[in-house]
Amino acid sequence: MKHEAYIRGLGYYAPEKILTNADLEKIVETSDEWITSRTGIKERHIAAPGEAVSDMTAEAARRALADAGMDADELTHIFLYTVTPDYYTPSAACLVEEKLGIKGKVVQDVNAACSGYIYGLEMARAVLALHPEAKVLVAAAEVLTSRTNWADRRTCVLFGDAAAAAIISAGDPRPGDGRIVDVLLASDGSLGHLLTIKGGGSGHPYKLGDTVDEDYFLFMNGREVFKHAVRNMTTVCEELVAKNGLDIDAIDLFIPHQANLRIMEAVAKKLALPEEKVVSTIARFGNTSASTVGIALAETKAEGRLSPGCRVLFGVFGGGFTWGSALVQF
Ligand code: UT7
């Protein structure tokens, strides 16, 4: 018997502090004009000193639980997608469990870079196929500014900090719930070097007394990543729509990973999706890695744009490389 997975509640959290393009003009040689025209970003939220991934995720989770009408203790699983956990160990998911005041759940951190939220939808579906009574928190959170090289204008203008959460379970749908119709995921590890944070890992360890150098921070070959992002997001979305016997006109809203407005527009154009169907939050948040699509979905719900029957298509791409697409019907 197939158990359908439903998104019951959504939430996100973005730190209070906002860094504008004008603020960045004071840090590196850049301009509001360059950042806006090349990326679509106007401002991004920045974590407060000491504000970690687990803090932001716990708050996003509380909001998603409230939206779902559930208590934290009802959760059975916590999957936290992040590349910037609080520590190597314990996992940030364990810290979230503690901050939610619960114990004994199945909790883990997972790294699928910017594709994490959509990878998480598939993992929740898989768990629910085995354990139909499960109640899964899928969260995606990043304090990317903790690994930002503030001397590198090619990357430091792009990223922001935020967390997004979704509560997923099986059983009967209620009004406003989103059925996860299908998910397609992919990866190509041979291209990982184009977007990487090396320093401190077991492949690139630091010794006591070493000075932290630029290897400790995010490196990206932007032009190459751009090309792969457009190509792979387009292809995986086309495949998912075709696999489900749909025409692209059957898609009501498109939520692409928010890394660059030009990438989002290029993918939408290749998919023949009109501008009004594309959800864009990039101007206010920048690239918050895996949480971008979760923020956009939560905002879309809060704005009342998810009318009954509405089909939402997601396309994501990130480090690894990883990419994927999901179809959710409300
Ligand atoms: O989330 C994971 C996936 N990430 C992505 O999908 C990001 C993909 N890549 C991109 O979004 C874009 O490649 C960037 C936004 C990172 C860069 O845009 P671009 O149009 O590809 O610029 P570019 O790297 O080709 O650089 C063009 C010029 C260069 O100057 P020259 O060599 O032509 O004189 C750069 O030095 O722009 C210069 N530049 C800047 N100028 C002002 C690069 N960054 C900046 C900056 N301000 N912040």
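Model, not experiment: these values are computed from the prediction. As a basis for the values below, the full set of heavy atoms in this structure was taken, side chains included, without hydrogen atoms, waters or symmetry mates. Read the numbers this way: they start at 1 and go in the same order the structure lists the ligands and their atoms.
Interface of Cys114 with ligand 1, defined as ligand atoms under 4.0 Å from a residue heavy atom, comprises 1 (O), 2 (C). Taking every non-hydrogen atom of Arg38 and a distance limit under 4.0 Å, the qualifying atoms of ligand 1 come out as 19 (P), 20 (O), 22 (O), 27 (C).
Salt-bridge check for Asp161 with Arg44: failed, with every basic side-chain N at 4.0 Å or more from each acidic carboxylate O. Using a 4.0 Å cut-off between a side-chain N of Lys or Arg and a carboxylate O of Asp or Glu, Asp67 and Arg8 do not qualify as a salt bridge.
Gln258 and Thr292 share no donor-acceptor pair across their side chains, judged by distance under 3.5 Å alone. Side-chain atoms of Lys99 and Ser54 form a donor-acceptor pair, as typed in the model, at a separation below 3.5 Å. No side-chain donor-acceptor contact under 3.5 Å links Asn111 and Tyr119.
Within the 4.0 Å cut-off (strictly below), a protein heavy atom is located near atom 2 (C) of ligand 1. Contact annotation for atom 33 (O) of ligand 1: protein absent (non-hydrogen atoms, distance under 4.0 Å). Counting only heavy atoms, the protein gets under 4.0 Å from atom 37 (O) of ligand 1.
If you look at Ile263 next to ligand 1, the close heavy atoms, those under 4.0 Å, all belong to the side chain. Of the heavy atoms in Thr30, both backbone and side-chain atoms come closer than 4.0 Å to ligand 1.
Taking the six-membered ring for Trp, Phe285 and His45 have ring centres closer than 6.0 Å.
Taking the centre and axis of the six-membered ring of Tyr216, the NZ or CZ atom of Arg147 falls inside the cone set by 45° and 6.0 Å.
Around CD of Glu16, the count of heavy atoms belonging to other residues, nucleotides or ligands within 6.0 Å does not exceed 12.
The closest approach between a heavy atom of Ile35 and any atom of ligand 1 is not below 4.0 Å. The closest approach between any non-hydrogen atom of Leu195 and ligand 1 is below 4.0 Å.
Among the atoms of Ser31, none of the N or O lies under 3.5 angstrom from an N or O of ligand 1. Checked against a 3.5 angstrom limit, the closest N/O atoms of His257 and ligand 1 fall inside it. The shortest N or O to N or O distance between Ala229 and ligand 1 is not below 3.5 Å.
Among all protein heavy atoms, the one lying closest to atom 10 (C) of ligand 1 is Asn260 ND2, 3.5 Å.
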